[in-house]
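Every value quoted in this text rests on a predicted model; they were computed, and no experiment measured them. Atoms within a ligand are numbered from 1 in the order they appear, just like the ligands themselves. We use all heavy atoms of the structure for the numbers below, so side chains are in, but hydrogens, waters and symmetry mates are not.
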Amino acid sequence: MNSGPKLIDRFQRSLNYLRISITDHCNLRCLYCAPDNLIPKLRHDEILTYEEILRIVKVGADLGISKVRVTGGEPLTRKGVDQFLKQLCAMDGIEECSLTTNGVLLKSHLPAIQDAGIKRLNISLDTLSAKRYKSITGRDQFEKTWDAIMAAHAMGFDPIKINVVMLKGHNDEEWVDLAKLTYQYPFRVRFIEYMPIGRAAKKRESVQQIETIKAQLAQTEELIPLTHNPNDGPAERWRFKSAIGEIGFIGALSNHFCGTCNRLRLTASGQLRACLLTDKELDIKTPLRSGATDADLAQLFLASARIKPERHHLSDDPDHPTSSEMSSIGG
Ligand code: SAM
């Protein structure tokens with residue numbers, strides 16, 4: 001391992017995790033993220049090339065980045081993604097490589113994703129009803145997504161995390177059914193508090209607090225708390241007493257987990273972003289395209305760590321969302 005400087009921020013958090021958005025394009029139009037026509041798309045030349053992303057990750061890996069997660073937009077809509085994943089996951093210093101996807105295009109990519117060495121998949125699924133899926137995502141793709149989840153399970157991907165964004169008035173009737181998937185499958189079904197961010201931001205009323213759903217689920221069966229490992233990220237982990245899978249709660253607003261945040265983000269447009277919910281970003285693309293050396297790029301990583309805020313402030317005032325788009329940052 002490289003013995004040079006490491007990414008430690010002003011609050012002594014060690015940053016070893018880079019979340020990489022490889023595109024802002026998405027094949028769904030989720031009403032909480034990228035509803036139709038609301039969010040302008042980046043031009044092709046505004047998006048980092050795979051070669052540029054790999055070079056940036058290499059610089060990050062030399063500074064101690066050992067975990068990467070590829071996201072988007074929808075990462076599987078980008079041409080050449082299989083080959084990119086292979087190169088990314090094979091990079092020296094990268095110990096854990098994972099992917100977040102909406103699952104629509106996943107099935108045919110699964111062999112290549114497995115071949116790249118990815119075991120961990122996060123798949124977004126806010127409902128088990130094809131009709132509601134269409135009303136939330138704007139597209140009729142439930143069957144394809146569910147089929148891909150089953151195929152990933154059959155191929156041994158583990159953990160498979162099912163990300164459910166809780167949106168009051170849209171999928172609240174189904175939270176219990178989604179949680180009950182854990183009786184049948186070893187999935188981690190994670191309930192994510194809706195974050196009012198970007199142009200799709202709704203008002204305070206849409207935010208459903210974790211405690212409400214936890215209380216609701218506990219009426220099905222006793223919820224057992226599980227030990228929190230450093231690798232678990234922000235999710236509180238629980239399990240129905242007799243289930244084989246787990247339930248996670250991610251309460252970015254009601255229960256912010258900034259104290260243990262170990263992440264930096266690389267956006268599709270080539271910005272290093274130190275906090276999902278704080279707009280300050282550092283442009284790494286322009287220097288990269290103007291001949292910056294690896295040492296120059298390393299300085300940008302170190303600067304990004306320096307500006308990482310102690311915590312986000314969205315919970316103080318959810319009516320004033322950040323202006324960046326989730327579809328570009330990557331969640
Ligand atoms: N297209 C991929 C997917 O659907 O998983 C990856 C990108 S998506 C932006 C990453 C995650 O962010 C998804 O789990 C999505 O549900 C979540 N997300 C998007 N907008 C959100 C919001 N406003 N609040 C909470 N989570 C959100």
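For atom 27 (C) of ligand 1, the closest non-hydrogen atom on the protein side is Met326 CE, 3.5 Å. For atom 3 (C) of ligand 1, the closest non-hydrogen atom on the protein side is Ser124 OG, 3.2 Å. For atom 16 (O) of ligand 1, the closest heavy atom belonging to the protein is Val165 CG2, 3.1 Å. The closest protein non-hydrogen atom to atom 10 (C) of ligand 1 is Gly330 O, 3.7 Å. The protein atom (non-hydrogen) at minimum distance from atom 12 (O) of ligand 1 is Gly331 CA, 4.0 Å.
Thr137 contributes a side-chain N or O that, together with a main-chain N or O of Arg139, makes up a donor-acceptor pair within less than 3.5 Å.
In the model, Ser242 has no side-chain atom that pairs as donor or acceptor with a side-chain atom of Tyr183 under 3.5 Å. Ser21 and Arg265 share no donor-acceptor pair across their side chains, judged by distance under 3.5 Å alone. The closest side-chain donor-acceptor pair between Asp140 and Tyr133, if any, does not fall under 3.5 angstrom.
In this structure, the separation between CG on Leu48 and CD1 on Ile20 is 10.0 Å, given to the nearest 0.5 Å.
Near Met195, meaning under 4.0 Å from any of its heavy atoms, are these atoms of ligand 1: 22 (C), 23 (N), 24 (N), 25 (C), 26 (N). Here is the list of ligand 1 atoms found below 4.0 Å of a heavy atom in Glu193: 25 (C). The contact set between ligand 1 and Thr71, taken as ligand atoms under 4.0 Å from a residue heavy atom, comprises 6 (C), 7 (C). In summary, the atoms of ligand 1 found under 4.0 Å from a heavy atom of Asn163, numbered by their order in the structure, are 14 (O). Below 4.0 Å from some heavy atom of Cys33 lie the following atoms of ligand 1, by number and element: 19 (C), 20 (N). Contact atoms of ligand 1 toward Thr101: 2 (C), 3 (C), 5 (O) (distance under 4.0 Å to a heavy atom of the residue).
Remark: ligand 1 and Thr100 share no N or O pair separated by less than 3.5 Å (distance only, no angle test). Not a single N or O atom of Asn122, backbone or side chain, sits closer than 3.5 Å to an N or O atom of ligand 1.
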- request: Kindly determine whether Glu174 and Thr127 satisfy side-chain hydrogen bond (donor to acceptor under 3.5 Å, both in side chains), including the steps that lead there.
  value: CA-CA 7 Å; Glu174 281 194 75; Thr127 171; 2.4 Å; yes

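Judged by the shortest distance from any of its heavy atoms, Gly73 lies inside the 4.0 Å radius around the atoms of ligand 1.
The aromatic rings of Tyr50 and Phe84 lie parallel to each other, their planes meeting at an angle below 30°, with 60° marking the opposite boundary.
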